[in-house]
Every structure is written in structure tokens, then in C-alpha cells.
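Accompanying notes for the structure given below.
Remember, it's a predicted structure, so these values are computed and weren't measured experimentally.
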Amino acid sequence: MVKDCNKQLCYSLANIGRLSTKDAVLFLCDMQEKFRPNIFQFTNIVSNAARLLQASRILGIPPILTEQYPKGLGPTVPELGAEDLKAHAKTSFTMMIEEVQKELEALGNPKQAILCGIEAHACIACTAFDLLEKGIEVHIVADAVSSRSQTDRLFALSRLKQSGAYLTTTEAVLLQLVQDAKHPNFKEVPATDASCRPPDSVLFSLVYSVNTY
């Protein structure tokens with residue numbers, strides 16, 4: 001009985017969602033030119049994803065980039081800062097295509113995935129489900145994912161939480177990864193957003209269960 005309780009305690013401690021630079025990979029999903037005019041909070045989403053990408057380079061977290069049908073939807077937007085990354089072209093609504101799975105294997109099958117991009121109810125959701133089914137811990141960066149519709153975005157985040165994904169924010173991810181202001185790279189990591197952008201009321205409604213529509 002005591003042994004079983006100890007096992008349960010260890011299991012719960014191991015699954016609290018604490019991020020580690022040693023076990024994580026950053027997924028950058030389909031932030032492309034043709035989506036720019038239609039995605040809610042597109043500029044902010046890309047800006048936050050760019051901060052995550054910048055930090056991943058500093059902290060040694062491998063990034064994986066995809067593009068949804070780039071012939072029709074265009075390339076990844078330049079402000080993401082991902083020009084040096086190989087973009088995996090896809091038509092499926094999951095990032096977990098064969099090339100990406102091979103890349104994960106080459107990386108030693110990381111145990112944690114930090115997921116950002118678009119669209120929340122489509123490619124983000126399908127990717128998260130596939131990762132969760134593989135036993136990978138999924139962290140959805142809520143202020144770095146979006147959809148064309150605020151409703152789709154809100155319900156996608158709620159649905160992903162029900163399925164076992166952790167919902168977090170850009171700043172929370174960055175601070176968890178460095179852990180300490182004495183971290184040698186702390187000042188290089190863009191943990192604090194100095195911009196004066198208006199608050200994202202859609203995410204507030206998710207947290208506080210307030211209908212803002």
C-alpha cells in the first residue's frame with residue numbers, strides 16, 4: 001500500500017509540467033504570409049513565437065518549423081527570424097509528418113514539446129493530439145497560437161487542456177527554462193516583453209470563464 005502511494009507520488013511529481021532545456025523541442029507551426037490578414041492577433045503571435053525561437057537558440061533547444069502548402073500559402077513570415085531553419089512543407093493538419101518524426105528521432109526523441117503557431121483548432125490541435133498519443137508532454141503557448149476565429153481559438157485551447165496539454169504563456173515558458181536570474185544566459189533571453197500591446201481579452205475569457213463575445 002505504502003509502496004503504491006510512493007509510486008503515485010513520484011508519478012505526479014514527474015508530470016507537473018516543469019519544462020527542461022534538456023528534454024524540450026520547439027514546434028513552430030505554419031506562420032506564413034497568406035495567413036497574415038486573417039489570423040486574430042497575428043502580429044503578436046509571431047512576435048511571441050520569435051521570442052521563443054530566439055531563446056531556443058540561446059538555450060540550445062532545437063526548433064522544428066513547418067509550412068502548410070507553401071506554394072499556395074507563401075513562405076514563413078520574415079519577422080519570425082527563421083530564415084536559417086529548414087521548413088518542412090506539408091498538406092496534413094499535423095506537424096508530425098514523416099520528416100518531422102525522423103528529425104525527432106535524430107534528436108533522441110525529446111520528452112517535451114513547446115508548441116506555437118497557427119491555427120489553434122487545426123494544425124496546432126492535430127499536432128498536440130499526435131504528440132500526446134506518443135507520450136510527449138505538450139506545452140501550448142497560449143499567447144503564441146491563434147486562429148482566424150476567436151471562437152475557434154478559445155475552444156481549441158479549452159479542448160487541448162481537456163486532453164492533457166499544458167496551457168502557458170511566452171514569458172512563463174522563458175522564465176521556467178532559465179529558472180534563475182543567475183543563469184549565465186538570463187540577460188540574453190527575451191523573457192520580458194517591453195512592448196505596450198493591449199491585453200488579449202480572449203485569453204482572459206479562457207482563464208476566467210467570461211463570455212466576451
Does L53 form a side-chain contact (heavy atoms from CB on, under 4.5 Å) with L65? I'd like the steps, not just the answer. CA-CA 10 Å; L53 177 56; L65 174 71; over 6 Å; no
As an exercise, state the distance from CG of L52 to CG of D143, rounded to the nearest 0.5 Å. 8.0 Å
Contacts under 3.5 angstrom, residues 102-110 side chains, donor-acceptor by atom type, not counting sequence neighbours:
| from | atom 1 | to | atom 2 | distance (Å) |
| --- | --- | --- | --- | --- |
| K102 | NZ | E98 | OE2 | 3.3 |
| E103 | OE1 | H88 | NE2 | 2.6 |

Quick one: does any side-chain atom of R153 pair with a main-chain N or O of A142 as donor and acceptor, under 3.5 Å? yes
So how far is it from M96 CE to F27 CZ, rounded to the nearest 0.5 Å? 5.5 Å
Could you check if a side-chain atom of V141 sits within less than 4.5 angstrom of a side-chain atom of N48, using non-hydrogen atoms only? no
Exceeds 12 heavy-atom contacts within 6.0 angstrom, atom CZ of F42: yes
In sequence, state the C-alpha distance, the side-chain angles, and the governing distance for I140 and T168, and then conclude on side-chain contact (heavy atoms from CB on, under 4.5 Å). CA-CA 6 Å; I140 308 288; T168 186; over 6 Å; no
To the closest 0.5 Å, what do you measure between CG (L59) and CG (L174)? 8.0 Å
Starting from V25, can I reach Y166 by hopping between I/L/V/M/F/W/Y residues whose side chains sit under 4.5 Å apart? no
Do P78 and E33 come within less than 4.5 Å of each other through their side chains, counting heavy atoms only? yes
Just how far is it from atom SG of C116 to atom CG of L26, taken to the nearest 0.5 Å? 5.0 Å
Could you walk me through whether K161 and L157 pass the side-chain contact (heavy atoms from CB on, under 4.5 Å) test, one step at a time? CA-CA 6 Å; K161 183 179 179 181; L157 291 172; over 6 Å; no
Nearest 0.5 Å, please: how far is OG1 in T169 from CD in Q176? 8.5 Å
Can you see which heavy atom on I45 is nearest to which on A144, and at what distance? CG2-O, 3.3 Å
Distance only, no hydrogens: is a donor on one side chain within 3.5 Å (strictly under) of an acceptor on the other, for S163 and R159? yes
Honestly curious: do V100 and F93 fall in one hydrophobic cluster under the side-chain, below-4.5 Å linking rule? no
Find out whether L154 and Q150 are in side-chain contact, i.e. whether some heavy atom of one side chain is under 4.5 Å from a heavy atom of the other. no
Heavy atoms of Q68 and L73 approach each other most closely as O-CD1, 3.1 Å
After noting the C-alpha distance and the side-chain angles of Q101 and K134, does the key distance pass the side chain to side chain donor-acceptor pair (under 3.5 Å) rule? CA-CA 11 Å; Q101 295 194 52; K134 288 181 175 292; 3.2 Å; yes
State, without any angle test, whether T76 and E67 hold a side-chain donor-acceptor pair at a distance under 3.5 Å. yes
Looking only at heavy atoms, what is the nearest atom pair of A165 and L132, with distance? N-CD1, 4.2 Å
Could you report the tightest heavy-atom contact between I114 and A24, atom names first, then the distance? CD1-CB, 4.2 Å
Just do the side chain to side chain donor-acceptor pair (under 3.5 Å) check on H121 and S147 with the steps written out, would you? CA-CA 7 Å; H121 65 292; S147 298; 2.9 Å; yes
We want to know whether E137 and Q112 form a side-chain donor-acceptor pair, criterion being a heavy-atom distance below 3.5 angstrom. yes
Between G60 and P62, the two heavy atoms sitting closest are O-CD, 3.6 Å
G74 and Q32: which non-hydrogen atoms are nearest, and at how many Å? O-NE2, 2.9 Å
How would you list, by chain and number, every residue that makes a salt bridge (charged side-chain N to carboxylate O under 4.0 Å, His left out) with E79, sequence neighbours excluded? R36
Cluster question for you: counting only ILVMFWY and a side-chain heavy-atom cut-off of under 4.5 Å, with indirect links fine, are I64 and L115 together? yes
Minimum side-chain heavy-atom gap C29-C123 below 4.5 Å: yes
Go through the steps to decide whether S146 and Q41 satisfy the test side chain to side chain donor-acceptor pair (under 3.5 Å), and finish with yes or no. CA-CA 7 Å; S146 194; Q41 295 267 344; over 6 Å; no
Is the backbone of M95 close enough, under 3.5 Å, to the side chain of T127 for a donor and an acceptor to pair up by distance? yes
Okay, side chain of S47, backbone of N44: is any donor-acceptor separation there less than 3.5 Å? no
State yes or no: do V77 and F35 share one hydrophobic cluster built from I, L, V, M, F, W and Y residues joined by side-chain heavy-atom distances below 4.5 Å, directly or via other members? yes
Here the salt bridge (charged side-chain N to carboxylate O under 4.0 Å, His left out) pairs for residues 80-94, sequence neighbours left out, are D30-K90, R57-D84
Exactly one of V138, I124, L160 clears side-chain contact (heavy atoms from CB on, under 4.5 Å) with F129, and that residue is L160
CD1 (I118) and CG (L28) are apart, to the nearest 0.5 Å, by 11.5 Å
